[in-house]
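None of the values given here were measured: they were computed from a predicted structure.
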Amino acid sequence: MTDHMIDSTLSELERYYDTVPRVGGARAEDFGPLTLFVQEGDGWQYYARPALGGPAATAADVERVLARQRELKVPESFEWVAETSPSLRAAAEAAGLHVHAHPLMVLDPSAAPVPAHADVRLLEAGDPLLAAAVTVPALAFAAPGTAIGEAGPAELAAATADPGAEARRARVSGMLASGRTALAAAVRDGVVLCSGQYNPVGDVAEVVGVGTLPSARRQGLALAVTAALVAQALERGARTVFLSAGDEDVARVYARIGFRHVGTALIAEPAA
């Protein structure tokens, strides 16, 4: 991609990041250079991020938002793109936050389609495997990386039986029914081994939450699930499909199906 194309794409992603919380039921609170998105009722807890077209934020601006997040008892989280808001990292760090970086990748429009995987299918709102499908990523992200891990079907069954799994299932079911998300899963012998979603806004779609049950890693399932999500997003009219990879190792995997590095997604949170 040329520099001009990357700049245009990053501007498009800025508009997406500003819009998706609003369509997801969040209200926007104005803090000058920053916007805090606060979920109304049940649902995904959003973040603070740079206001579209706003000035650069200072550490004092970040501290004001942090105080409001603490008052509301919502996650103290900021998300932005390094190339679009280059000074925010220093401001966040000066306010005492830890910043971690993730490769931001966009699907190359010329990328060849990936053949469908026999174990991967799209799930609808009423699918009996939906609770397990929305639980797998939590187990995956609890053991980050690409190495084969211990958590397997028994741990998934236990986690799916937890009351919190039903709340996640109900939330994603509603999003599926309304068209605000799509979900694909790799299923073998009735067990969900990998799942992920994409969230469309207009003709832009973000692939999110792709995770493989740690015991089922290194079988190409995350790539197959991502390919299925990409195929449906394009079929439904998406012009730009993007994602944030967990790290450079994961980014190299996504590059195999045509995703290209266009920037760096940054997340700032209190140090653990």
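For T181 (side chain) and L176 (main-chain N/O), no donor-acceptor pair under 3.5 Å exists by modelled atom type. Although no hydrogens or angles enter the test, the distance criterion places a donor-acceptor pair under 3.5 Å between the side chain of E155 and the main chain of G152. Side chain of E150 to backbone of P214: no donor-acceptor contact under 3.5 angstrom is found. Between the side chain of R218 and the main chain of T146, a donor-acceptor pair closer than 3.5 Å is present. Using a distance-only test at 3.5 Å, with no hydrogens or angles considered, a donor-acceptor pair links the side chain of R260 to the main chain of A255. The backbone N or O of A82 sits nowhere less than 3.5 Å from a side-chain atom of S85 that would complete a donor-acceptor pair. A distance-only check finds a donor-acceptor pair linking the side chain of R217 to the backbone of A147 [under 3.5 Å].
Residues Y16 and T240 form no side-chain contact, since every pair of their non-hydrogen atoms from C-beta on lies 4.5 Å or further apart. Within the 4.5 Å cutoff, the side chain of V230 has heavy atoms near those of the F259 side chain. Side-chain contact between D162 and T135 is absent, with no heavy-atom pair separated by less than 4.5 Å. Considering only heavy atoms from C-beta on, L104 comes within 4.5 Å of L10 through its side chain. No side-chain heavy atom of R68 sits less than 4.5 Å from a side-chain heavy atom of L34. Looking only at side-chain heavy atoms (C-beta outward), T226 and L243 come within less than 4.5 Å of each other. Proximity of L213 to P153: side-chain heavy atoms (C-beta onward) are separated by under 4.5 Å at one or more points. Considering only heavy atoms from C-beta on, E14 comes within 4.5 Å of L52 through its side chain.
Ion pairing between a basic and an acidic side chain is recognised when a charged N comes within 4.0 Å of a carboxylate O; D18 and R15 show no such pairing.
Ring centroids of F37 and Y17 are separated by 6.0 Å or more, keeping the two rings apart.
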Report task. Quick one: do V81 and L13 satisfy side chain to side chain contact (heavy atoms under 4.5 Å, CB included)? Show the steps, please. Result -> CA-CA 9 Å; V81 176; L13 298 191; 5.6 Å; no

Report task. Please lay out, stage by stage, how L234 and L107 fare under the test side chain to side chain contact (heavy atoms under 4.5 Å, CB included). Result -> CA-CA 11 Å; L234 295 175; L107 184 71; 4.1 Å; yes

Query raised in the report: So L36 and Y47, side chain to side chain contact (heavy atoms under 4.5 Å, CB included) or not? Walk me through it.
Result: CA-CA 6 Å; L36 171 61; Y47 40 73; over 6 Å; no

Report task. Show your working on side chain to side chain contact (heavy atoms under 4.5 Å, CB included) between S77 and I267 and close with a plain yes or no. Result -> CA-CA 7 Å; S77 177; I267 300 174; 4.2 Å; yes

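For the atom pair CG of L229 and CD of Q197, the computed distance is 8.5 Å after rounding to the nearest 0.5 Å. In this structure, the separation between OG1 on T212 and CD1 on I148 is 11.0 Å, given to the nearest 0.5 Å. For the atom pair CZ (R252) and NE2 (H261), the distance works out to 11.0 Å, reported to the nearest 0.5 Å. To the nearest 0.5 Å, atom CZ of residue R239 and atom CD of residue E12 are 4.5 Å apart. A distance of 7.0 Å separates CG in L193 from CD in Q219, rounded to the nearest 0.5 Å. To the nearest 0.5 Å, atoms OG1 (T160) and CZ (R168) are separated by 8.0 Å.
The shortest non-hydrogen separation linking A205 to A238 is CB-CB, 4.2 Å. Here the shortest heavy-atom pairing between Q69 and E76 reads OE1-CA, 3.3 Å. The minimum heavy-atom distance between G179 and P200, with the atom names listed, is O-CG, 3.7 Å. Between L97 and P270, the shortest heavy-atom distance links the atoms CD2-N, 3.6 Å. When every heavy atom of V106 is checked against every heavy atom of F242, the shortest pair comes out as CG2-CB, 3.8 Å. What you find for A245 and H102 is that their closest heavy atoms are O-CB, 3.1 Å.
Note on V120: it does not cluster hydrophobically with L156, by side-chain heavy-atom contacts below 4.5 Å among ILVMFWY residues. Both L221 and V134 are assigned to one and the same hydrophobic cluster, defined by single-linkage of ILVMFWY side chains at heavy-atom distances under 4.5 Å. In terms of hydrophobic clustering, with Ile, Leu, Val, Met, Phe, Trp and Tyr side chains grouped at heavy-atom distances under 4.5 Å, V225 and L123 are assigned to different clusters. Under the 4.5 Å side-chain heavy-atom criterion for ILVMFWY residues, a single connected hydrophobic cluster contains both Y198 and L223. Hydrophobic clustering of Ile, Leu, Val, Met, Phe, Trp and Tyr side chains at less than 4.5 Å, counting indirect connections, keeps V20 apart from L266.
Within 6.0 Å of CD in Q45 there are more than 12 heavy atoms belonging to other residues, nucleotides or ligands. Environment of CD in E40: crowded, with over 12 heavy atoms of neighbouring residues, nucleotides or ligands closer than 6.0 Å.
The aromatic rings of H100 and H98 sit parallel to each other, their planes meeting at less than 30°, with 60° as the upper class boundary.
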